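What follows is a short report on a single structure.
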There are 2 protein chains.
Amino acid sequence: MRSISDVIEAHLKRLIDTSEGGVAEVQRVQLAETFRCVPSQINYVIQTRFTVERGYLVESKRGGGGYIRIQRLFVDPDNAWLMELYEEIGEGITQTASEGMIYRLQEAGKLTLREAELLSALIHRQTLALEVNDRDRLRARMMKRVIAILLKEAGGEPRAL
Amino acid sequence: MRSISDVIEAHLKRLIDTSEGGVAEVQRVQLAETFRCVPSQINYVIQTRFTVERGYLVESKRGGGGYIRIQRLFVDPDNAWLMELYEEIGEGITQTASEGMIYRLQEAGKLTLREAELLSALIHRQTLALEVNDRDRLRARMMKRVIAILLKEAGGEPRAL
DNA sequence: ACTGTTATTAGTCAAGGATAGTCAAGATCA
DNA sequence: TGATCTTGACTATCCTTGACTAATAACAGT
């Protein structure tokens, strides 16, 4: 059975594939009207189909002129290991494990020395200053965001920007 | 999709960028007429887009011959402004204010575009995902760490960015 | 000159409008 | 029967509008 979610998913994928740069920008209400569903259905589709694990990055803005933007990530063989790293993180990650990842990312040329330095400072337990479980979960969210951004650039050299 | 506020912001930025000395001087009513909005909309744009955090100084005068003058602040060569920025943060800082600072740090060449992007993602409320007070306090610690690192570097020879 | 009045600006604030997000209950499917 | 999907009430965020306020200039009367 092809659910309405599947239809919306297909529609968005087509938008992304036919666009330049692999980006689709839509308005939630308008999309919901097109497919005659409630707006929150769109969120459901995005949360289940356009995750980083599936190779997409989603940004949005509320209020007047609001939008939802879905961008395809470059998950080619060259940076498939980034995706593995992403999945490895899970719900929580320790400072030591994060530092290891940051080091690897830098060695692989995915992060500059300075980016690595900034990141290390930010994920440090003294900076986060929360109870250990919350801390590890927060650090996981941070590391995941970073890797998702790295996946936006297809094996690109970090200094070029 | 773009809101009228975005359009007005872009217009003012262009005025500033094409001027000598980085100053734009406009009349509120006239600008409002140009973009067919109420005058107070101009105040909204200025209050949300041309803040001190972003490195702008706004002066105005009422009455006949009144005006609004927006000036881009220049950074002093000895990085004293970084220290001021650090002190401005205090115990907590909002996402909007942080984004303003990151914007300015990038404009001033203290952060690369990518560093700014990573940082913005890291201080985003969705990444932090804490109750608003804890969130603002954590964000303050993060921003302070970043600026501390920039200050440390400022002591040595200027960085190649 | 001085003083008061009017015209001409800009500022403030709160309400309303326009988006999107969250969550959990109910419906449907495999 | 458990997983997935659908729905809607409630929330969060950002933008727009307009009534009211405040400051400054211009002018008129003395």
Side-chain angles (χ1 to χ4, degrees), chain A residues 1-12 24-51 53-54 56-71 141, chain B residues 1-12 24-52 54 56-71 94-100 120 123-136 139:
Chain A
M1 181 56 198
R2 204 166 153 77
S3 68
I4 184 70
S5 288
D6 290 337
V7 177
I8 295 170
E9 176 189 8
H11 177 253
L12 287 172
E25 193 170 305
V26 297
Q27 289 205 287
R28 195 178 73 146
V29 198
Q30 187 212 313
L31 195 59
E33 262 165 26
T34 303
F35 293 101
R36 279 170 242 277
C37 62
V38 294
S40 56
Q41 177 98 44
I42 308 302
N43 295 88
Y44 176 75
V45 173
I46 284 171
Q47 279 158 30
T48 55
R49 271 91 159 164
F50 294 91
T51 62
E53 285 88 346
R54 293 184 181 224
Y56 297 93
L57 193 61
V58 179
E59 297 167 294
S60 65
K61 204 176 95 170
R62 311 186 192 191
Y67 58 82
I68 299 178
R69 176 163 40 221
I70 309 176
Q71 178 163 15
R141 291 195 296 274
Chain B
M1 303 283 211
R2 265 177 105 193
S3 67
I4 185 71
S5 289
D6 289 339
V7 177
I8 295 170
E9 176 190 8
H11 177 253
L12 287 171
E25 193 169 306
V26 296
Q27 288 208 295
R28 195 178 73 145
V29 196
Q30 186 212 313
L31 194 59
E33 262 166 26
T34 303
F35 292 102
R36 279 171 245 270
C37 62
V38 294
S40 57
Q41 177 99 45
I42 308 302
N43 296 87
Y44 176 76
V45 173
I46 284 171
Q47 279 158 28
T48 54
R49 272 90 162 163
F50 295 92
T51 62
V52 181
R54 286 167 100 105
Y56 293 98
L57 177 65
V58 179
E59 297 167 297
S60 63
K61 205 174 76 169
R62 310 185 193 193
Y67 58 84
I68 299 179
R69 175 163 42 216
I70 308 175
Q71 179 161 15
T94 65
Q95 177 179 324
T96 307
S98 301
E99 283 167 348
S120 296
I123 58 97
H124 194 282
R125 53 181 149 256
Q126 275 186 1
T127 304
L128 304 187
L130 300 172
E131 183 274 320
V132 62
N133 279 330
D134 297 338
R135 204 162 71 197
D136 286 358
R139 196 181 286 115

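Every chain is numbered from 1, with letters handed out A, B, ... down the list of sequences. Quick caveat, the model's predicted, so the values are computed rather than measured.
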Legend entry - Any Arg36(A) side-chain N or O less than 4.0 Å from OP1/OP2 of dT7(D): no
Inset, instruction - Let me know the distance between OH of Tyr44(A) and P of dT28(C), rounded to the nearest Å. - result: 15 Å
Inset, instruction - Could you please name the option among dG18(D), dC5(D), dG11(C) that lies closest to any side-chain atom of Val38(B)? - result: dG18(D)
Inset, instruction - Would you mind classifying the nucleic acid contact of Ile42(A) as base, sugar-phosphate or nothing, using non-hydrogen atoms under 4.0 angstrom? - result: nothing
Inset, instruction - Could you check how far CZ of Arg2(A) sits from C1' of dA30(C), rounded to whole Å? - result: 18 Å
Inset, instruction - Verify the contact: side-chain N or O of Lys61(B) to OP1 or OP2 of dA25(D), cut-off strictly under 4.0 Å; return yes or no. - result: yes
Legend entry - Comparing Gln27(B) and Ile46(A) on DNA chain C - which has the more 5′ nearest nucleotide: Gln27(B)
Legend entry - Selected nucleotide, minimal atom distance to Gln47(B) side chain, candidates dT6(D), dT12(C), dT19(C): dT12(C)
Legend entry - Euclidean distance, atom CG of residue Asn43(A) to atom P of dT11(D) [Å, nearest integer]: 17 Å
Inset, instruction - Round to a whole Å and report the spacing from CG of Leu31(A) to P of dT19(C). - result: 14 Å
Inset, instruction - Calculate the interatomic distance between Glu131(B) atom CD and dT11(D) atom P; express it in whole Å. - result: 16 Å
Legend entry - Nearest listed nucleotide, side chain of Ile68(B), among dG21(C), dG11(C), dC15(D): dG11(C)
Legend entry - Main-chain N/O of Gly65(A) paired to Arg2(B) side chain as donor or acceptor, under 3.5 Å: no
Legend entry - side-chain N/O Ser40(B) vs dG11(C) OP1/OP2, d < 4.0 Å: no
Legend entry - Any donor-acceptor pair under 3.5 Å from Glu131(B) side chain to Asn133(B) backbone: yes
Inset, instruction - Indicate, with a heavy-atom threshold strictly under 4.0 Å, whether Gly66(B) touches base, sugar-phosphate, or nothing. - result: sugar-phosphate
Inset, instruction - Please tell me which of Val45(B) and Arg135(B) maps to the more 5' nucleotide of DNA chain D, matching each residue to the nucleotide holding its nearest heavy atom. - result: Arg135(B)
Legend entry - Nucleotide nearest Ser60(B) (side chain, heavy atoms from C-beta), chosen from dT17(D), dT22(C), dA10(C): dA10(C)
Inset, instruction - Could you check Gln47(B), Arg28(B), Gln30(B) and say which one makes a side-chain contact (heavy atoms from CB on, under 4.5 Å) with Ile42(B)? - result: Arg28(B)
Inset, instruction - Have a look at Gln95(B) and tell me which of Gln126(B), Arg135(B), Arg125(B) forms a side chain to side chain donor-acceptor pair (under 3.5 Å) with it. - result: Arg125(B)
Legend entry - Side-chain touch Leu12(B)/Leu31(B), heavy atoms, less than 4.5 angstrom: yes
Inset, instruction - Take atom CZ of Phe35(A) and atom P of dT7(D), then tell me their distance rounded to the nearest Å. - result: 14 Å
Inset, instruction - Return no unless some side-chain N or O of Arg125(B) is found under 4.0 Å from OP1 or OP2 of dA12(D). - result: no
Inset, instruction - Would you mind reading off the distance between Arg62(B) atom CZ and dT24(D) atom P, rounded to a whole angstrom? - result: 7 Å
Inset, instruction - Among dC14(D), dT7(D), dT9(C), find the nucleotide with the atom closest to the side chain of Val29(B). - result: dT9(C)
Inset, instruction - Measure from the side chain of Gln126(B), starting at C-beta and using heavy atoms only, and say which of dT22(C), dT4(D), dC15(D) lies closest. - result: dT22(C)
Inset, instruction - Verify, without hydrogens or angle tests, whether Arg69(B) (side chain) and Glu59(B) (backbone) share a donor-acceptor contact under 3.5 angstrom. - result: no
Inset, instruction - May I ask you to verify if any side-chain N or O of Gln41(B) is less than 4.0 angstrom from the OP1 or OP2 atom of dG18(D)? - result: no
Inset, instruction - Find the distance Glu99(B):CD to dC14(D):C1' and express it as a whole number of Å. - result: 13 Å
